Amino acid sequence: MPIDWSAIQRRWMDAWDEARIFESDPSTKDKYFITVAYPYPNSPQHIGHGRTYTLADVHARYMRMKGYNVLFPMGFHYTGTPILAMSRRIAEHDKELVETFVNIYGVKPEYIEYFKDPVNIARYFHAEIKEGMREMGYSIDWRREFTTIDPLYNRFITWQFKRLKDKGLISQGSHPVGWCPRDQSPVSQHDTLGDVEPEFIEYVLIKFMLDASSNNKSNNNSDDAKIMEGLILPAATLRAETVFGVTNLWLNPDAEYAIAVVDGKERWLVSMDAAERLTYLNRDVRIEHNIKGRELIGLRTRVPLINRYVPILPAVFVDPKNGTGIVMSVPAHAPYDYQALIDLKASINAGIDTHGYARVVYEEIMKIEPIVMIESEYSNAGVPASVVIKRYGISRQDDPRLEDATNELYSHEFYKGRLSSDPRIVMDYSSMGVKDAREKVRDDMLKRNLADTMLDLAKPVRCRCGTPCVVKILEDQWFINYSDKEWKRLAHQCLDSMQILPEEIRDEFVYVIDWLRERACARRSGLGTKLPWDENWIIESLSDSVIYMAYYIIAKYAKMLNPDSIDDRFFDYILLGVGDPSSIAESCKVSKDLIEQIREEFLYYYPVDSRHSGRDLVPNHLTFFIFNHVAIFPKELWPRQIVVNGSVLMDGKKMSKSLGNIIPLRKAIREYGSDAIRASLLISAELLQDADFTLDMLKSIREKVERLYNICIEYVGKVKSSGSIDHQWYNDRAHKREQEDIWLMSRLQHIIKETTDAMDRLRVREALNNLLYIMDRDMQWYMKRARSKGRSDDDIAYTILPFLDARVRMLSPFMPFICEEMWSILGGKGFVAMAEWPTIAPSMIDYTVEEGESLIMGVMEDVEKIIKVTTMKPSKITIYVAEGWKWELYLRILRIINEGITKYSDVMRMLVRGTSSGSGLGSDADGSDMVKYAKDNPDIVRKMMESILSTPPESRSSRAGIGVLDEVRVLNDAIPLLEKEYNCKVEVMVEDSLAKTKKKVALPYKPAIYLT
RNA sequence: GCGGGGGUUGCCUAGCCUGGUCAAAGGCGCGAGGCUUAGAACCUCGUCCCAUAGGGGUUCGUGGGUUCAAAUCCCACCCCCCGCACCA
């Protein structure tokens, strides 16, 4: 009968709500506090979000069934700038965004107007996400829900920041950001066109001094000379060490340059654009004159450090928007420079005078020869730039492959190159590796004021508004000082004491703790809490979400507290136990009892027992979470566990807008039902791996569970009895038990054990695998055995029902809705969500029966192999079981191997030594016979060893405990099955009657089989 | 570059810490048979190569090594993915 998944979902969702079973309050039971990173409500949830929350919910439900008082709450993170940016775009009628909202997110067009207010966007998606969580069956205590713009929460964050400041962990300073000059605000990846992350590079500005005397242009008036006097040309470079190879400077002849006083001291020539960019870097730039690049062509400058003179030459590739608009030319090592020089020379030789410069300029150009000053494989073959250009077959300045040639040469020289061994060229830097030389030259020149530095964007970036971005240095920025040594030590201490699942990710935490530096913790705009001591700043979103788990306790009481009268002393008492509750009660206008109650509740639930999130939060949120807890709370309230999971793929592909494979969660729920989605998300991979979500998988799970559901109905119908169906119920019918009944119950104990172990380590994939597939397989074997004997359905039900009972319980954390339904069909009391997790009954484990059943399976496997190879249709199958002496020998070898002696020669030696060995191993049986058996049958000894070694260790010890298995009895019990299966007569006997030559084939647990 | 994770039989993924259970679990896909008016679904079997008796051969990124025995331990190398910030 097909299942109406959505009706079942609705029914149990309502029932849970009504019974309020997920609301958790302090009790005498042990508590377990699970939290997940709360969502940022700027879009609806999709399948990918579901993994982390589902995992946490499965964890919560499991712990609840294990008897813990589980608190699993949820909040909503409104803090941040993306929502603000969205609302701005809506206000500007951004077509793309509006279409996304309406067509993809399903927002009604009439709502769009309200989205000009960022809070409305957050509220809308908040509601949407919450509904999705309820539909997914997450066992959340919704009384504790809050948002990060609730006034009381703001108070809480204010308190947090004051605590941090008191501890000296907040500092102020400057730091660079990507900046849009038009919007007057920082830009990060999602604020830029094409979502480009603004990347910074630091140029070294090498100060070339203009030789004013070289200005011998016709109108040599004194004004002009004055302007040029002492002028510095800062050439921007990333390769300071190549200063020794400079042959000239490049200026763009058509670009506008500025002569300006920088920081009130030096007079610099830089492009107009650079002059502006320098001001964002907080340089004081006062422009005195404008000048075209071409006016300076031909003048000489002095190279700092080496005091050589080189000319200024024209190059159109110089970009005034990049660096300073002044480039130093190192033709031996820079393919661009080399090619530009070749081109210039060629045009002069051809008599093409496109520039109209003075004759001396041309003469200067013709004189220039590259100066090779880095030695590497390339320099062995000539001028390195020339070598690489030839290899690429480049012949023009505008060839795009020049970029590749440049990268190749740069990286080769960086890793493998050394400066020239000739001190006449490179002074006392000779033979240094390029990497070291670069740093040293830079530092030396900075020290002697021969150079400066300048931050710039590595690649041009545009703001969403279209304006080109710049690097800006923000002054007075507030930081959380994560570089504090003592703080790091405590964070490590906390991490060491924590459980990290999976363990593999621990090293990453260790690294991040060490690597973290000062972190800007406030912004000028966005939703959130104001910085308590400087209201122009808003606390940034990754800083107001680090200890909020504690707030879930307070949130339950939020309605009873007036945020206006709550002050820091309230939080001091609730969270730290500091202060006098009576006076706090008075000043905060709260009853003392209430304050005490909240404090007690906090102490009951804290610390966090398990924090869940996706692995993307490891290098930020999760590590901040550790840091801030150790800063604020005493050791006994530090978090106990972090669980990290990988992401979700759709049909093996990353989810992305461009692939159009992002499935909204609620849509998926409507189409496939929550239970199947939950299981699909968790079954395809263990924690850290990316999980592959496929519809094929989902459908197959759903159908499997439908079958299980039908089996429940079928077998409950077969027995009239009601009440709870458990081990006791089964035991009461002991007289009915046959071998397969005992077997299935024994198997069940193992499965419970293994599944419980898997759940304890949150190996949910393994757990689901047991529940969905392994249990199915066992059930099928059982049915096959029982039916072949013609046992009645209600006979079978006696064994099947307790098995189903355990299966439904264990499956319920994964598929809660359908399991409630099956639970009620099976006659379970109350909700399965609140039922007990099954525990094993050791008395029901029967190794002899298990070995017996696997003997039957092994025989069937062998029969099938033989049939397959011989392609015969047997009319009779005869099974010959090993005779007594083989068992003696087998068990002897088994014991020897179980002692850890596994080498053939050693085992043989032990056997042959017989009783005289005195080791105790061979003293129980008739020693002399044993020696004879072993000596006469070395090949049998070898075979037995192989067979024992290829048996699972647990089975080896249980076989040793069992001793001689009555194989004839076991196999006789299976004759009905065998005869039915192979449709022929089956006979079982001991091998006595067998011809001597064939006797070698039968071994214990491996009977000889003959088909005729 | 720094740090982390990973390379397994058509695909996805277990196994590796604690060597023998491993030709290697499970799922998906594919093939055959059963069921069915037919199909879907379901059930059974098969799915590296060879084999008319339960066997043999070659496999777990590549190349070495340790061991009676290596997917698993050691060494070297190749390749792929993720993070490197002020942003949720």
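Lettering of chains follows the sequences in order, A, B, ..., and the numbering in each one begins at 1. Quick caveat, the model's predicted, so the values are computed rather than measured. No hydrogens, no waters, no symmetry mates; every other heavy atom, side chains included, goes into these values.
- B:U47 is paired with B:G29 under the Watson-Crick or G-U wobble criterion, all donor-acceptor distances under 3.5 Å.
- Across all strands, A:Arg942 comes closer than 4.0 Å to no nucleic acid atom at all (heavy-atom distances).
- Residue contacts for A:Leu772: at a heavy-atom cut-off of 4.0 Å it reaches no nucleic acid atom on any strand shown.
- A residue-by-residue look at A:Val869 and A:Asn769 shows that A:Asn769 has its nearest nucleotide of RNA chain B further toward the 5' end.
- A:Asp507 has its CG atom 12 Å from the P atom of B:G3, to the nearest Å.
- Geometrically, A:Arg239 engages A:Tyr410 in a cation-pi contact defined by less than 6.0 Å to the ring centre and at most 45° from the axis.
- Here A:His612 and A:Tyr53 keep their ring centres 6.0 angstrom or further from each other.
- Contact annotation: A:Arg763 does not reach the phosphate of B:A14 (side-chain N/O to OP1 or OP2, under 4.0 Å).
- Pairing partner, B:U37: none, since no Watson-Crick or wobble contact has both distances short of 3.5 Å.
- For the pair A:Asn770 CG and B:A14 P, the computed distance is 15 Å after rounding to whole Å.
- A heavy-atom distance below 4.5 Å is not found between the side chains of A:Asp544 and A:Glu540.
- Rounded to whole Å, the distance from OH on A:Tyr1010 to P on B:G54 is 11 Å.
- In this structure, CG of A:Leu894 is placed 14 Å from C1' of B:G20, rounded to the nearest angstrom.
- Checked for salt-bridge contact, A:Lys1006 and A:Asp862 meet the test: a charged N lies under 4.0 Å from a carboxylate O.
- Separation of the P atoms belonging to B:U72 and B:G83 is 30 Å when rounded to the nearest angstrom.
- Using atom C1' as the reference point in both B:G54 and B:A41, the two lie 35 Å apart (nearest Å).
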For residues 769-776 of chain A, which side-chain donor-acceptor pairs fall under 3.5 Å, sequence neighbours excluded?
unit_1: A:Asn770; atom_1: ND2; unit_2: A:Thr755; atom_2: OG1; d: 3.2
unit_1: A:Asp776; atom_1: OD1; unit_2: A:Arg807; atom_2: NH1; d: 3.2
unit_1: A:Asp776; atom_1: OD1; unit_2: A:Arg807; atom_2: NH2; d: 3.3
unit_1: A:Asp776; atom_1: OD2; unit_2: A:Lys704; atom_2: NZ; d: 3.0

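- What separates CG of A:Asp692 from P of B:G27 is a distance of 16 Å, to the nearest Å.
- B:C77 and B:C68 have their C1' atoms separated by 29 Å, with the value rounded to a whole Å.
- Per the geometry, CG belonging to A:Leu617 stands 13 Å off C1' belonging to B:A85, to the nearest Å.
- Taking 4.0 angstrom as the limit, A:Thr79 places none of its side-chain polar atoms (N or O) nearer than this to OP1 or OP2 of B:A88.
- Residue A:His175 has its side chain nearest to B:C86 when only B:G20, B:C86, B:A25 are considered.
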Heteroatom pairs (N/O) under 3.5 angstrom, protein to nucleotides 39-44 of chain B:
unit_1: B:A41; atom_1: O3'; unit_2: A:Glu703; atom_2: OE1; d: 3.3
unit_1: B:C42; atom_1: OP1; unit_2: A:Glu703; atom_2: OE1; d: 3.3
unit_1: B:C42; atom_1: O3'; unit_2: A:Arg707; atom_2: NE; d: 3.4
unit_1: B:C43; atom_1: OP1; unit_2: A:Arg707; atom_2: NH1; d: 2.5
unit_1: B:U44; atom_1: OP1; unit_2: A:Gln780; atom_2: OE1; d: 2.5

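- In the set B:G27, B:G54, B:A85, the nucleotide with an atom closest to the side chain of A:Arg519 is B:A85.
- One P atom belongs to B:U9, the other to B:G61, and the distance between them is 8 Å to the nearest Å.
- The aromatic ring centres of A:Phe125 and A:Phe76 sit 6.0 Å or more apart.
- Dashed line: the shortest gap from a side-chain N or O of A:Lys654 to OP1 or OP2 of B:C82 is under 4.0 Å.
- At a threshold of 4.0 angstrom between heavy atoms, the contacts of A:Asn620 include nucleobase atoms, whether or not backbone atoms are also involved.
- Distance CD (A:Glu861) to C1' (B:A53): 15 Å, rounded to an integer number of Å.
- If you take CD1 of A:Ile121 and P of B:A88, they are 15 Å apart, rounded to a whole angstrom.
- Comparing A:Pro619 and A:Pro952, the nucleotide of RNA chain B nearest to each residue sits closer to the 5' end for A:Pro952.
- The A:Trp515 side chain lies nearest to B:A85 when the options are B:C2, B:A88, B:A85.
- Inter-residue side-chain proximity for A:Pro118 and A:Tyr78 is flagged as unmet; no heavy-atom pair is nearer than 4.5 Å.
- The side chain of A:Ala685 sits closest to B:U13 out of B:C86, B:C28, B:U13.
- Salt bridge A:Arg615/A:Glu508: present, at least one basic N to carboxylate O contact under 4.0 Å.
- Applying the Watson-Crick and G-U wobble criteria (two distances, each under 3.5 Å), B:U13 pairs with nothing in any strand.
- The separation of B:C78 from B:G56, taken at their C1' atoms, amounts to 34 Å, rounded to a whole angstrom.
- Nucleic acid contact class of A:Leu649 (heavy atoms, under 4.0 Å, all strands): none.
- Closest to the side chain of A:Tyr773, from the set B:U21, B:G26, B:G4, is B:G26.
- Look at the C1' atom in both B:U47 and B:G27: the space between them is 14 Å, to the nearest Å.
- Side-chain nitrogen and oxygen atoms of A:Gln689 include at least one within less than 4.0 Å of the OP1 or OP2 phosphate oxygen of B:A14.
- Using a 4.0 Å heavy-atom criterion, one finds that A:Pro176 contacts no nucleic acid atom at all.
- Between A:Ser541 and B:A88, a side-chain N or O to OP1/OP2 separation shorter than 4.0 Å is present.
- Of the listed nucleotides (B:G20, B:G5, B:C86), B:G5 has the atom at the smallest distance from the side chain of A:Glu504.
- Judged by Watson-Crick or G-U wobble contacts below 3.5 Å, the nucleotide B:G19 has no partner.
- Taking atom P in both B:G4 and B:C75, the straight-line distance is 15 Å, to the nearest Å.
- A salt bridge does not link A:Lys943 with A:Glu946: none of the charged nitrogens is closer than 4.0 Å to a carboxylate oxygen.
- Seen from the ring of A:Phe625, A:Arg611 counts as a face-on cation partner, given the 6.0 Å and 45° thresholds.
- Taking a pair to require two hydrogen-bonding distances under 3.5 Å in either a Watson-Crick or a G-U wobble arrangement, B:C60 remains unpaired.
- Looking at the side chain of A:Ile866, the nearest of the listed nucleotides B:U21, B:G54, B:G3 is B:G54.
- Under the 6.0 Å distance and 45° angle rule, A:Arg959 counts as a cation-pi partner of A:Tyr1005.
- Nucleotides B:C11 and B:G64 have their C1' atoms positioned 32 Å apart, rounded to a whole Å.
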